[in-house]
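All values reported here derive from a predicted model rather than from experimental measurement.
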Amino acid sequence: MKIFLDTASLKEIREAAALGVVDGITTNPSLLAKEAGDPEQILLEICRTVDGPISAEVVATDAEGMVREGRHWASLHENIVVKCPCIPEGLKATKVLAGEGHRVNMTLIFSPTQALLAAKAGASFVSPFVGRLDDISTPGMELVHDIVQIFDNYSLGCEVLAASLRHPMHVVEAAKAGAHVGTMPVGVFHGLLKHPLTDIGLRRFLDDWEKAKKELAAKAVEG
Ligand code: E4P
C-alpha cells in the first residue's frame, strides 16, 4: 500500500519524507488554510519535496469553475492531482479533466455507488473518508472493502485511497482491505514505526555491546 501524508505543512512533510517511504501527499482547503503563505507556492514546494501524486483541491462548486481551477492546479507541476468533490458537478468536471489527461482524486466519498460513478467518470483515485464515517457510528472501513471489491470485479484502473485515517489500526485495516493508498496525518505516520519493544531491544543491544567492549579491554590490559 502506498503511504500518503495528509498535510500541507512543509515542515512535517520534509521531516517525514526524509525517512524515504512517503509516496505522495493529500491536501485539502482546510489543511492549506492552516499554513501561512501563498497556497500555490506551498503546493509547488510540496511537489519539489515529494516526487509522487500531490492532491490539490478545487473550491468551485460548478463544473466550469472546477475545470478552470483544476487546469490551473495541474499546470503548476506534473505531480499535481486535481481533487474534486463527489457531487454531480464534480463528476462532470472529472470527465472533462480526465479526458484532457489530468489525474483526478474524487474526494468526500461516503458510499460505494459514489466511488463507482467516480471511477466511471475517469477519476484516477477515489477517497473514501473512513474516520468521518466512524465519527457518525458507521463502520468506515467496510466502505473501503466494498469499493476494493467492486473495482476488482471490473478491473477498474482507479486506485482506492483510504482517507481520513485517524490511527495506525486504520492503516492496518486499510492495507488488509486492499486499499492501494492510505493517507494519514504525520502523527499517525510516525505511530506506524514506533514500538516500545524496539526501543527496549535496541537499548539492550547497545548496553550489552558496551559491556562486552569494556570486558575485552580489561582482558587485554590483564593479559
Ligand atoms: C483526504 O484527502 C482528506 O484530506 C482527509 O483524509 C480528511 O481527514 P479528516 O476527516 O481527519 O479531516
Side-chain angles (χ1 to χ4, degrees), residues 1-17 19 21-35 37 39-59 66 69-70 72-74 76-86 90 93-94 97-98 102-110 114-115 118-119 123-135 140-141 143-144 147-148 158-168 170-171 173-175 177 179-192:
M1 187 172 74
K2 282 172 262 186
I3 301 285
F4 286 10
L5 297 178
D6 196 33
T7 177
S9 159
L10 277 161
K11 182 176 178 291
E12 289 182 349
I13 292 169
R14 285 190 186 113
E15 280 170 15
L19 273 62
V21 292
V22 172
D23 301 298
I25 303 290
T26 50
T27 69
N28 62 36
S30 310
L31 292 170
L32 277 164
K34 284 202 277 185
E35 302 304 313
E40 225 170 90
Q41 291 308 314
I42 294 172
L43 280 165
L44 262 177
E45 197 48 39
I46 294 174
C47 289
R48 292 186 195 115
T49 308
V50 174
D51 190 16
I54 311 297
S55 288
E57 187 160 342
V58 299
V59 288
M66 288 185 201
E69 287 177 22
H72 176 67
W73 284 140
L76 289 182
H77 196 283
E78 60 184 6
N79 287 357
I80 294 278
V81 173
V82 181
K83 223 178 179 189
C84 292
C86 194
T94 297
L97 289 165
H102 302 303
R103 288 178 296 170
V104 174
N105 171 3
M106 185 137 266
T107 190
L108 291 167
I109 298 266
F110 293 98
Q114 288 180 316
S124 299
F125 300 92
V126 288
S127 290
F129 276 34
V130 174
R132 291 195 195 183
L133 280 169
D134 287 355
D135 287 345
M141 206 53 75
L143 175 59
V144 176
I147 299 172
V148 168
C158 176
E159 295 190 54
V160 181
L161 192 167
S164 187
L165 303 179
R166 304 269 176 78
H167 47 73
H170 267 159
V171 179
E173 291 300 329
H180 304 90
V181 188
T183 191
M184 65 206 74
V186 282
V188 175
F189 170 73
H190 291 298
L192 301 183

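At a threshold of 4.5 Å between non-hydrogen side-chain atoms, the residues V171 and F189 do not count as touching. The shortest side-chain heavy-atom distance between F4 and M184 does not fall under the 4.5 Å cut-off. V188 has its side chain within reach of P168: a pair of non-hydrogen atoms, C-beta onward, lies under 4.5 Å apart.
Here the shortest heavy-atom pairing between L133 and G140 reads CB-CA, 3.7 Å. In this structure, A8 and I42 approach most closely via the heavy-atom pair O-CG2, 3.6 Å. Contact record, V81 with V104: CG1-C, 3.8 Å, taken as the closest heavy-atom pair. When all heavy atoms of P85 and M66 are compared, the pair lying nearest together is CG-CE, 3.9 Å. Nearest heavy atom pair, residue A118 against residue V126, reads CB-CG1, 3.6 Å. Residues V50 and A17 come closest through the heavy atom pair CG2-CB, 4.1 Å.
Summarising the geometry, atom OG belonging to S124 is positioned 11.0 Å from atom CG belonging to L161; distances are rounded to the nearest 0.5 Å. Remark: T49 OG1 to I25 CD1 distance equals 8.5 Å, nearest 0.5 Å. Atom CZ of residue R48 and atom CG of residue L43 lie 11.0 Å apart, to the nearest 0.5 angstrom. Atom CZ of R14 and atom CD1 of I46 lie 9.5 Å apart (nearest 0.5 Å). Here CD of E173 is found 9.0 Å from NE2 of H167. Values are rounded to the nearest 0.5 Å. Between the OG atom in S127 and the CD atom in Q114 there is a gap of 11.5 Å [rounded to 0.5 Å].
E15 meets the side chain to side chain contact (heavy atoms under 4.5 Å, CB included) test with K11; sequence neighbours excluded. Checked against side chain to side chain contact (heavy atoms under 4.5 Å, CB included), A119 has the following partners two or more places apart in sequence or in another chain: F151, L156, C158. For E12, there are no salt bridge (charged side-chain N to carboxylate O under 4.0 Å, His left out) partners, not counting sequence neighbours. With sequence neighbours excluded, the residues that form a side chain to side chain donor-acceptor pair (under 3.5 Å) with E159 are K2. Residues passing the side chain to side chain contact (heavy atoms under 4.5 Å, CB included) test with H77 are L44, C47, N79, I80, sequence neighbours excluded. A search for side chain to side chain donor-acceptor pair (under 3.5 Å) contacts involving T26 returns D6, T183, not counting sequence neighbours. Remark: N28 engages no residue in a side chain to side chain donor-acceptor pair (under 3.5 Å) (not counting sequence neighbours). Here T27 pairs with nothing under the side chain to side chain donor-acceptor pair (under 3.5 Å) rule; sequence neighbours left out. In this structure R166 satisfies the side chain to side chain contact (heavy atoms under 4.5 Å, CB included) test together with R132, D135, S164, H170, sequence neighbours excluded.
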Test side-chain contact (heavy atoms from CB on, under 4.5 Å) on V130 and L143 and set out the steps. CA-CA 8 Å; V130 174; L143 175 59; over 6 Å; no
